[in-house]
Amino acid sequence: MIDDIEPLDDEIIEHVKAQASQPRKHATFFTWHDRSAQGKGIAEAGIVDDLLTAMQAEGRTEYRSLGASGGQWPDVWLEASDGQRVPCEVTELVDAAALPAAVSRREVVGELVERLQIILDRKGMRSLGGELGTQSVLIIHTDEFHLNADNVAATLKNTVFRKPSTIQRAFLLLSYDPTRGGYRYFELRLAA
């Protein structure tokens, strides 16, 4: 029976070693890939695909991914249902206070609204063509252990965020939840 097992490819072994030696041990989703432009593009396009899959599970088909842009901005190009090409920026929400000890903090739930607004403000400063350029879709992914579908829904229930002029829509995407069998996302309500 042991004769039937194929040896692991050297490339796979090197990849596994590289991932095991990552310095970041908390909320590690974005550390699994190589940090090259291609690796970053694969990770960001994967996040977009996860969001679109979750949306499609609810019957929402507003966008189709055109893949990683290969440039600094946007991260991914989307195609809207009307055929318009829409820039998409992907970022993460990570509890920086938890990174050194690699221990998740429950406080991240109480800090969620403030941290999301900081991300919106920071990402709102970037746009193709400046403030008057094309508005983008922003996807904020989080791998935080203490953020789950229930407490995030309760926290965001009546929250309206300041809308940066360069962001058309913003989504918060939680990591894969095996108990729900998929990804949970929230569209952030942006002030008009």
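For the single chain, residues carry numbers from 1 onward in sequence order.
Checked by atom type and distance alone, the side chain of Asp75 never pairs as donor or acceptor with a backbone atom of Glu44 at under 3.5 Å. Within the 3.5 Å criterion, the main-chain N or O of Ser81 finds no donor-acceptor partner in the side chain of Glu62. Side-chain N or O atoms of Ser69 include one that pairs as donor or acceptor with a backbone N or O of Pro74 at under 3.5 Å.
Taking the side chain to side chain contact (heavy atoms under 4.5 Å, CB included) definition, one finds that Ile118 meets it with Glu114, sequence neighbours left out. Partners of Asn158 by side chain to side chain contact (heavy atoms under 4.5 Å, CB included), not counting sequence neighbours, listed by chain and number: Arg189. The side chain to side chain donor-acceptor pair (under 3.5 Å) test applied to Gln72 returns no partner, not counting sequence neighbours. In this view, Asp121 and Arg162 satisfy the salt bridge (Lys or Arg N to Asp or Glu O under 4.0 Å) rule, not counting sequence neighbours. Every residue two or more places apart in sequence or in another chain that forms a salt bridge (Lys or Arg N to Asp or Glu O under 4.0 Å) with Glu187 is listed here: Arg60, Arg169. Scanning for side chain to side chain contact (heavy atoms under 4.5 Å, CB included) contacts around Asn148 gives Asp150, Asn151, with sequence neighbours left out.
Taking the side chain as every heavy atom from C-beta outward, Trp77 and Pro87 approach each other to under 4.5 Å. The shortest distance between side-chain heavy atoms of Trp73 and Ser136 falls below 4.5 Å. Two residues are said to be in side-chain contact when any heavy atoms from C-beta on lie closer than 4.5 Å; Leu116 and Leu156 meet this criterion. Considering only heavy atoms from C-beta on, Leu51 stays 4.5 Å or farther from Tyr183 through its side chain. Two residues are said to be in side-chain contact when any heavy atoms from C-beta on lie closer than 4.5 Å; Arg184 and Asp177 fail this criterion.
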Worksheet entry | Stepwise side chain to side chain contact (heavy atoms under 4.5 Å, CB included) check, Glu144 with Ser175 | CA-CA 8 Å; Glu144 287 293 335; Ser175 284; over 6 Å; no
Discussion item. Show, in sequence, the C-alpha distance, side-chain angles and deciding distance for Leu112 and Leu93, and conclude whether the side chain to side chain contact (heavy atoms under 4.5 Å, CB included) test is met.
Written reply: CA-CA 9 Å; Leu112 179 62; Leu93 181 146; 3.8 Å; yes
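Contact between Leu172 and Thr142 at its shortest, heavy atoms only, is CD1-CG2, 4.1 Å. Shown here for Ala149 and Leu174, the closest heavy-atom pair between the two residues is N-CD1, 3.5 Å. What you find for Ile140 and Glu92 is that their closest heavy atoms are CG2-C, 4.2 Å. Taking every heavy atom of both residues into account, Val113 and Phe161 meet most closely at O-CE2, 3.5 Å. Leu52 and Arg64 make their closest contact through CD1-C, 4.1 Å (heavy atoms, listed as atom of the first residue, atom of the second, distance). For the pair Met125 and Thr166, the tightest heavy-atom approach, listed with the atom from each and the gap, is N-OG1, 4.4 Å.
Linking ILVMFWY residues whenever their side-chain heavy atoms come closer than 4.5 Å, directly or via other members, leaves Phe186 and Val160 in distinct clusters.
We find the CD1-CG distance between Ile42 and Asp49 to be 11.5 Å, quoted to the nearest 0.5 Å. Considering CE of Met55 and CZ of Phe171, their distance stands at 4.0 Å, rounded to 0.5 Å.
Applying the side chain to side chain contact (heavy atoms under 4.5 Å, CB included) test between Leu78 and each of Ile139, Leu66, Val48 identifies Val48 as the sole match.
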